[in-house]
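See below for the structure under consideration.
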Amino acid sequence: MFVGIEIPGPARSLVWEAFAPIREEFPKAKWVPPENFHVTLKFLGPVWPRLVSWVEEACMRAAASVQPFELSLSGAGCFPRPKKATTLWAGASDLQLGTRTLVERLDQELGEEFPAEKRAFSPHLTVARSRPPLDLGERLEGVSLASEPWVVSDVVLFESHLGRPAPRYEVILRVPLRDA
């Protein structure tokens, strides 16, 4: 399971189109289908059935403390670096810091069972993964990506169902943000 933000259709299409040249050059990478695009706020991993309702309540408490905010997609990047890229991503731009606030609140509410991530939070949506790593050189500099902002008014608790060619993400709970 994981908690995330869904990406609206026009932004999904924009990302898919922006990465088309790289996708054509590296077809063996595992490209995320557009219907799976999201910004992960907190990865939970396997969740015991006895904890599901507790997780749902924790997500509700976290969301109730955060106002809706604007989010947009801009830029492209990779982890860990362009010469050995294992993950390609589209950046998520959040001037109001709503994503960071949500991550902090989710860590507070869920930390008893699901510890906070040790790495600093960097809002993004994963576009592709690759093993072995890709040598992208300067190709990402050619990715032109800037979506219109949209209002994030809820967070979603997803359950992953692994499968081929890609996992399927089931919405378990959609939680409105405060005053949304």
Side-chain angles (χ1 to χ4, degrees), residues 1-47 52 55-56 59 63 69-82 84-94 98-99 102-103 106 114 117 119 121-137 139-176:
M1 294 183 121
F2 63 94
V3 182
I5 295 171
E6 290 183 309
I7 307 300
R12 289 179 190 189
S13 297
L14 184 69
V15 170
W16 190 250
E17 291 168 18
F19 279 88
I22 297 174
R23 198 170 53 252
E24 289 171 12
E25 190 171 349
F26 298 102
K28 291 187 178 181
K30 292 183 181 171
W31 292 92
V32 175
E35 62 271 15
N36 282 1
F37 287 165
H38 65 275
V39 174
T40 300
L41 299 170
K42 183 148 184 80
F43 178 75
L44 304 176
V47 177
V52 172
V55 167
E56 291 173 345
C59 289
F69 58 93
E70 285 192 346
L71 190 64
S72 62
L73 301 176
S74 61
C78 63
F79 297 127
R81 61 187 182 277
K84 291 201 178 267
T86 57
T87 304
L88 280 68
W89 50 260
S93 180
D94 169 13
T99 54
L102 276 167
V103 167
L106 287 163
F114 304 95
E117 180 70 42
R119 294 173 289 188
F121 176 70
S122 176
H124 67 280
L125 72 85
T126 298
V127 178
R129 292 181 182 82
S130 183
R131 296 271 191 237
L134 304 175
D135 182 353
L136 297 174
R139 289 172 187 85
L140 290 176
E141 293 173 14
V143 175
S144 177
L145 178 61
S147 77
E148 291 294 320
W150 72 91
V151 175
V152 174
S153 58
D154 59 29
V155 295
V156 179
L157 176 63
F158 291 98
E159 182 174 358
S160 297
H161 299 281
L162 301 180
R164 295 196 184 270
R168 181 177 57 82
Y169 300 141
E170 177 185 0
V171 174
I172 300 300
L173 179 70
R174 185 179 309 278
V175 184

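- Residues Val47 and Phe114 have side chains in contact (heavy-atom distance under 4.5 Å, counting atoms from C-beta outward).
- The heavy-atom pair separating Phe19 from Ala90 by the smallest distance is CE1-CB, 4.3 Å.
- The two residues Ser130 and Pro132 have their closest heavy-atom pair at OG-O, 2.6 Å.
- When all heavy atoms are compared, the tightest approach of Glu56 to Ile172 is OE2-CG2, 3.5 Å.
- Summarising the geometry, atom OG1 belonging to Thr126 is positioned 13.5 Å from atom NZ belonging to Lys30; distances are rounded to the nearest 0.5 Å.
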Could you tabulate the donor-acceptor pairs under 3.5 Å formed by side-chain atoms of residues 140-148, not counting sequence neighbours?
from, atom 1, to, atom 2, distance (Å)
Ser147, OG, Leu73, N, 2.8

Show the atom names and distances, to 0.1 Å, of all donor-acceptor pairs under 3.5 Å that link a side chain in residues 155-169 to residues at least two apart or in another chain.
from, atom 1, to, atom 2, distance (Å)
His161, NE2, Glu170, OE1, 2.7

- Are Val127 and Val32 close enough, and set up right, to give a side chain to side chain contact (heavy atoms under 4.5 Å, CB included), and what steps lead you there? CA-CA 5 Å; Val127 178; Val32 175; 5.8 Å; no

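- Relative orientation of the His124 and Phe79 rings is perpendicular, given thresholds of 30° and 60° on the angle between their planes.
- The structure places OG1 of Thr99 at 11.0 Å from CG of Leu106, a figure rounded to the nearest 0.5 Å.
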- Message: Run Leu88 and Leu136 through side chain to side chain contact (heavy atoms under 4.5 Å, CB included) and show every step you take.
- Response: CA-CA 10 Å; Leu88 280 68; Leu136 297 174; 4.0 Å; yes

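- No donor-acceptor distance shorter than 3.5 angstrom exists from the side chain of Trp150 to the backbone of Ile7, with no hydrogens or angles considered.
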- Item | Candidate pair Val171 and Glu6, rule side chain to side chain contact (heavy atoms under 4.5 Å, CB included), full reasoning | CA-CA 10 Å; Val171 174; Glu6 290 183 309; 4.0 Å; yes

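- In this structure, Phe43 has no ring pair (Phe, Tyr, Trp, His ring centres under 6.0 Å) partners at least two apart in sequence or on a different chain.
- Contact of the Pro80 side chain with the Thr86 side chain is registered, since non-hydrogen atoms from C-beta on lie closer than 4.5 Å.
- The backbone N or O of Gly91 sits nowhere less than 3.5 Å from a side-chain atom of Ser74 that would complete a donor-acceptor pair.
- Formation of a donor-acceptor pair under 3.5 Å by the Arg23 side chain with backbone atoms of Trp16 is found in this model.
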- Message: Does Leu102 form a side chain to side chain contact (heavy atoms under 4.5 Å, CB included) with Lys42? I'd like the steps, not just the answer.
- Response: CA-CA 9 Å; Leu102 276 167; Lys42 183 148 184 80; over 6 Å; no

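- Residues Leu14 and Pro10 fail the side-chain proximity criterion, which asks for heavy atoms closer than 4.5 Å.
- The minimum heavy-atom distance between Asp154 and Pro176, with the atom names listed, is CB-CA, 3.8 Å.
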